[in-house]
Amino acid sequence: MDREPEPGASWPGLRRVFRLPANQRRVHDEVSDELWFHIQERVEELMDKGLSREQAEAEVRKRFGDVTRVAYDLERIDERAVRERGRAERLSAFGREVRHAARMLLRTPAFSVIALITLALGIGATTAIFTVLDAVVLRPLPYPESDRLVSVMHPVSGAGVEAGKWGTSVAGYFYFRRENRTLSDLGVYQTGRVSVAGDGEAERVRAAYVTSSLLTTLRARPAVGRLITPEDDRPGVARVVVLGYDFWARRYGSDPGVVSRMIEVEGRPMQVVGVAAGGLNLPRPGAFASNADLAGFGVDLWFPLRLDPDARAINEHTYTGVGRLKPGVTPEAAERDLAQLTARLPELFPNAYSPSFMREYNFGMSVIPLRDEVLGNNVARALWILFGAVGLVLLIACANVSNLFLVRMEARRHEAAIRAALGAGRGQIATHYLAESLLLALVAGALGLALAQAATRALLAVAPTNIPRLSEVHLGWTAGGFAALISLVAGVAFGLFPLLRGVDTRPLREGSHGLTPSRPQRVVRNGLVISQVALALVLLAAAGLMVRSFARLRDVRPGLDPRGVLVFEVAAPVARYRTYDDVTAFQRQLHARLGALPGVQSVGATTHLPLQGFTGCAVVFVEGRWPLRPGEVPPCVSTPRVTPGFFRTLGIQVRGRAPDWSDIDAGTGAVVVTRALAERLWPGEDAIGKGINSNGGTVSNYYRVVGVVDELRAGGLEKPPTEAVFYPVRALPKTWLWEPARIMTVAVRTNLTRPAALTRAIRRAVTDLEPRVALANVRTMEEVVERSMARASFLMLLLGTAAGMALVLSAVGIYGVISYIVGQRRAEIGIRMALGARVSQVGRLVVLQSLRLAVIGVALGLIGALAGTRALRALLFEVSPTDPVVLVIVSAVLVFLAALASYAPARRAARVDPVEALRAQ
Amino acid sequence: MPPTTPANDVDLLRGTLDLLVLKTLSWGPMHGLGVLRSIEQATKDRLQIEEGALYPALHRMEQRGWLDATWGYTEKNRKAKFYRLTPVGRRQLAAEVTRWSRYTEVVGMVLAARGT
């Protein structure tokens, strides 16, 4: 600042030294200058009029006012102006950058479209699976403080019983509830189906039988009226019912007046006391609950369970237990607490629990977070695996796009150099690249989100209905946020990745005459292709294993013939059908009527339908082995009750003979057992003619084995052959086969191509027989078989899709890089050809280059697959996660693909005209 | 604001000051002191302006885009900040002039009215 010194020294504020940022400093200086000029001029003006300097200065000061204050005000005004201008400039600079990036991307449409589609596919697939993962696995259950909810079950295993988890018993529930010190509440429930009639069409609805404590444990709330209270939940009091919210809306039009009315359930009137709040569902019933297929786990009707605390303890474990941990208590601590109580069962209830039972069945206690119980190990595992798979697809897509960006940057070295020469900093050039990659990634993210929307819908359409919580899946803010996050990360990564080596601004020196790109560039590019191939191999291996596992599963003979069979549930109202005889008579009439329908070849019914709900077990005793030896524990096996005609209708082959109605009439007690059970009970002997029952030797009657089912996998295709005894619907005198089988699944074998066409006729026949009977869950047996494989096929389908995407993306990646290399090496190829290389040699050179990359990638991928597919083990059926056939095939596929992808570039290389190629340099 | 003069005086001046400055600058670009001198000349020194108040007015109008400012040199070769009316400022002047004449007209009507 060159300004005459003096007399300004006497003007405070004009010469103050400011330690402020540059622009504020400038503001200060300008304000000082402006005011300084004014005062100086004025003082001289007055001095010209004859005043002394002191007088003049005093006069000016008087006229001007407080200089410091004015200077301060001016600076505030100007600084604000500077700030606003800066903001506007930055905004327009940002807009300019975006416009520039868009223009650059549009100038290379092929690059942009390929990169966009690749990325959008990756982001879309990842987002779709993340949406499902989030809703099914990550989000807490929809109950207040659900992280404190635990399932309370008894794990069993051993020689005499299929490993699994049993529920609690009645006595156990009261005992645990009283004695535990780790739960603030404990409740139990069962599920099933009931018929509602009287006020409209009869229908079968989903029912939950719960203790009032279950509702307090879940902290359920009523929407109208009240829920089930402890007063409702005692044996002997009048049955009341609480409506599920959706059922209330559907059947009663959300009429609050329905509360305190009577509705007819199973032919008996019951009082409605309330409506549960919307969204109140039950956790998935445990494996041994009465009905395992509560689709969606929605409950239409809630009933009090009315357990009797004084009932004699029996070893029957059919109640799913749910507890709420006291604050600060871990599930492990609660498990230790309840396990100690469980260990005392034999001493408290010696008639129900023998020490040998505890030992032989490994009867224990498991307390795990309710969410883990609901999900089951395999669903969470499968979804995580899928998420991993699409994550790999995204990585492959990113590798592809990175490669594209690398090539693009290479092509733009000139541009970068010119910019640098014109004074652009490295930072500015980097910003340009970053703007382009970010813009591309964000557009891809938006596209990906739209894709994810469609994919999620498709996913839900093909998903098996027995994946829990699937109804909670929807694309929401979480998914949007997730997609935005990965696009941002990807965008920044692409922008910065090629810059790792620094912005290349050398070409003005180097010129464009290099024959091959710089070495680090080539290493990076090859590395990308290799990792793509490796990732694709891992994915392909996983998909291949699932396909092979699924094929194995399909090859399993379930031991029945589902073709042409229609199945449905029929429940005889308890009010009219009280005894074994009533139920038997009902089924017999029903069989006769259905058998008379045109197209029907045979009819049968069962309490347990194979491949669906073949759950629960009961002990069996053998004639002539009573009393049991000390410490001997009878096995616990499936004990369905069936009508004559069951075996023929389901196409289950019976060696010996199947019982018929004359056996029922005569009370011969003819039963069929499976070979697996026969081999356990009578090893090395013929089972036919042997006696068996489920009541022990204190009663004299035994059922007589008349037939053996050779092969049956009723519990699921992946399970070992079923051990079962098929009892008749009508129990022998002096034996007891539980409650009469009022609810049965009826099967009808037809010679029709579309058995479902019979539905209407069947419904009419049933209603004619008994108007209060509701038909439920009509489906073909083939659907039942399909559904038992649904989870495996779902996983196979999705893994296959991911692997297919990986395959295509890798092929595109290899093709792109090889093409590029061929383009770069035109000169070299030209020289080679000029020196006499043959066309085939040049082609081979290119293909070999591609194959070399592929083989390295495959080798790395095999290592990854050997390590990674171990996670699949639990989901595979009779296939080792390191199955050599699968690994060999997928390796071959990838190598072949690499050869294929380099074929076109190789031909292009072979057509290089040496003269032209060299001249182009 | 500098609390050197009674507030009502400043208020009275401020709206008017903008008008005077705009009008003065409509004759051509000048620096702050030039504006003051022009007003003094035009009013034959009958209007006493508190000089310090002029500059915030100038800067505020510059920020609003009514004025443009550049640094230049006076005849005595001194560096000074010169202000110039922008097209926006010119429109603003026209509007202010209209408002002012309407105001004086109305006030004049009241003053001229005879009580009945």
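Every chain is numbered from 1, with letters handed out A, B, ... down the list of sequences. Model, not experiment: these values are computed from the prediction.
- The CZ atom of F82(B) lies 11.0 Å from the CD atom of E34(A); values are rounded to the nearest 0.5 Å.
- Considering CD of E51(B) and NE2 of H38(A), their distance stands at 4.0 Å, rounded to 0.5 Å.
- Inter-residue side-chain proximity for D33(A) and W71(B) is flagged as met; some heavy-atom pair is nearer than 4.5 Å.
- A 4.5 Å side-chain heavy-atom check between R78(B) and F37(A) finds at least one atom pair inside the cut-off.
- Side-chain contact check for Q63(B) versus E84(A): some heavy-atom pair is nearer than 4.5 Å.
- Annotation: ring pair (Phe, Tyr, Trp, His ring centres under 6.0 Å) contacts involving residues 75-99 of chain A, sequence neighbours excluded, are absent.
- Atom CD of Q40(A) is separated from atom NZ of K76(B) by 9.0 Å, given to the nearest 0.5 angstrom.
- For the atom pair CD1 of I77(A) and CD of E62(B), the computed distance is 10.0 Å after rounding to the nearest 0.5 Å.
- Contact between P56(B) and V70(A) at its shortest, heavy atoms only, is CD-CG1, 4.1 Å.
- A side-chain contact (heavy atoms from CB on, under 4.5 Å) with L36(B) is found for exactly one of R42(A), E41(A), R63(A), namely R42(A).
- Other residues, nucleotides and ligands place no more than 12 heavy atoms under 6.0 Å from the CZ atom of R84(B).
- In this structure, CG in L33(B) is found 10.5 Å from CD1 in I39(A), a value given to the nearest 0.5 Å.
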Run E45(A) and R37(B) through salt bridge (charged side-chain N to carboxylate O under 4.0 Å, His left out) and show every step you take.
CA-CA 11 Å; E45(A) 206 176 284; R37(B) 284 186 184 136; 2.5 Å; yes
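- Counting heavy atoms from C-beta on, the side chains of H59(B) and R80(A) never come closer than 4.5 Å.
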